[in-house]
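Here's the structure, in structure tokens; my notes come after.
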Amino acid sequence: MAHRIVILGGGTGGTMMANRLRRRYDEAEATITVVDKDDRHVYQPGLLFVPFGLADVGDIVKPRQKQLHSGIAFRESEVDRVVLAEDRVLLADGTVLPYDVLVIATGVALQPEETEGLEGPGWREHVFTFYDVPGAEQLARALEGFDGGRLVVNLVDMPIKCPVAPLEFAFLADSYFTERGMRNLVELTYVTPLDGAFTKPVASERLSALLAHKEIELVTEFAVGEVDGERGRLVSWDEREVPFDLLVTVPLHGGAAYVERSEALGDELGFVPTDPSTLQSRARPNVFALGDATNVPISKAGSVTHFEGDALTENVVRFLAGRELSAAYDGHANCFIETGFGKALLIDFNYETEPLPGRFPTTAGPLPLLRESRLNHLGKLMFQWLYWHALLPGRDIPGISSAMSASGKERCPEPV
Ligand SMILES: Cc1cc2nc3c(=O)[nH]c(=O)nc-3n(C[C@H](O)[C@H](O)[C@H](O)COP(=O)(O)OP(=O)(O)OC[C@H]3O[C@@H](n4cnc5c(N)ncnc54)[C@H](O)[C@@H]3O)c2cc1C
């Protein structure tokens with residue numbers, strides 16, 4: 001009998017896994033079913049550019065089904081719950097999907113309702129997020145009409161997907177208002193719950209310096225208790241206030257709601273406890289997870305999802321053949337960080353190695369690490385093409401290995 005593989009989520013991780021597994025098995029060997037609640041696949045890194053008029057929604061949204069190779073079944077429905085004890089998924093449309101292997105790739109859910117006042121007065125009028133398509137489009141109109149004042153960029157709390165995206169937003173805002181000849185009319189402030197601009201010490205130091213250089217005020221250790229849209233104030237639990245005329249927020253993130261409804265599948269935030277090296281869930285041996293839906297201790301990012309997909313494809317094949325799993329995923333992550341004026345930084349790291357300066361992908365590589373360059377910016381733009389044409393179809397990307405290479409990385413002293 002053919003193996004039954006069910007993949008929940010048809011975003012970055014689900015699509016890539018389905019296509020990779022289809023290459024490994026023909027239709028007689030395995031049925032592959034992908035479930036998603038809608039048929040709009042968003043290239044999410046493109047959302048950063050929409051508010052500044054640098055990308056069109058038409059270019060970053062495509063039908064999900066078209067990204068799946070032939071021989072993969074697509075079901076458009078909400079997942080209602082997973083019944084681990086019976087190896088079944090129940091869909092909201094009443095369908096029951098039995099599985100031999102389940103892959104969870106349902107990402108995160110934005111939870112603006114979890115922060116007091118965030119969806120109150122001013123929401124979508126002078127309080128916006130660019131983390132979804134409607135928000136990015138509304139913010140584009142708001143920025144166009146902004147004639148000066150206090151623009152505050154805030155992430156409410158970690159974890160968030162692409163933790164550098166709000167920083168990139170602040171850098172691009174600096175560039176955008178400069179190019180419009182009105183930077184002197186805009187006070188830019190970056191407000192974060194972290195103790196620096198970023199989570200990792202060396203990168204954090206560099207990014208803080210860049211914020212200072214661009215005259216973007218950095219407010220740290222700010223735990224948002226309330227958004228007061230009426231008075232235009234961010235209020236922290238320890239009663240500090242940051243005033244704003246326009247607030248760009250990244251709301252709290254949690255796992256998909258069905259994870260909590262499925263007995264023994266998720267943790268208290270709705271993420272799936274997952275072995276960080278094999279990507280097997282802690283819940284059941286035949287349940288695996290990748291991408292933003294897991295609790296593995298590395299950034300929630302498309303690059304992580306991509307590198308995990310390599311290791312996980314191999315482990316699904318091993319599992320179905322009754323072989324030992326490989327502990328192949330090392331936490332590899334990399335990310336271009338737009339810094340405005342046609343430049344970007346690049347960071348590359350894993351569970352053990354924090355982002356360090358040097359060259360990428362090797363010592364002689366063309367891309368500088370943790371340093372602004374035009375080539376990094378072009379790399380970021382080119383990535384959109386690679387996403388649709390190589391990453392999602394499940395092809396290897398030349399020169400980019402799923403395991404992090406130490407080559408090209410300089411050893412840095414710990415900052416004091
Ligand atoms: C503004 C922004 C910029 C970013 N920039 C970068 C970047 O530069 N580099 C980078 O590496 N990463 C970046 N990312 C992060 C990256 O997009 C995600 O980490 C990546 O898409 C995660 O893949 P995933 O498969 O886990 O989740 P997703 O691609 O989000 O897919 C999850 C899927 O699950 C579906 N789903 C959820 N719940 C249900 C349900 N109950 N029933 C059915 N279907 C469901 C959703 O509809 C969705 O299609 C960015 C993200 C944002 C928002």
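Note: hydrogens, waters and symmetry copies are ignored here, and every other heavy atom, side chains too, is used. We count ligands from 1, going down the list as the structure has it; atoms in each ligand are counted the same way.
Note on ring orientation: taking the six-membered ring where Trp is involved, the planes of H41 and Y387 are perpendicular (angle over 60°, cut-offs 30° and 60°). Ring orientation note: the planes of F349 and F198 are nearly perpendicular, at an angle over 60° on the 30°/60° scale. In this pair, Y25 and H3 present their aromatic rings perpendicular. The plane angle is above 60°, beyond the 30 to 60° band.
At a 4.0 Å heavy-atom cut-off, the residues surrounding ligand 1 are G9, G11, T12, G13, D36, K37, Q44, P45, L47, R64, S77, E78, V79, A105, T106, G107, F130, Y131, K161, C162, A256, Y258, G291, D292, K300, A301, G302, S303, T305, C335, K380, listed by chain and number.
Atom CD of E352 sits in a sparse spot, with 12 or fewer heavy atoms from other residues, nucleotides or ligands closer than 6.0 Å.
For the residue pair K300 and I160, the shortest heavy atom distance occurs at CB-O, 3.9 Å.
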What pairs of donor and acceptor atoms, side-chain ones from residues 70-86 against any protein atom, are under 3.5 angstrom apart with sequence neighbours left out?
| unit_1 | atom_1 | unit_2 | atom_2 | d |
| --- | --- | --- | --- | --- |
| R75 | NH1 | T95 | OG1 | 3.4 |
| S77 | OG | A92 | N | 3.4 |
| S77 | OG | D93 | N | 3.4 |

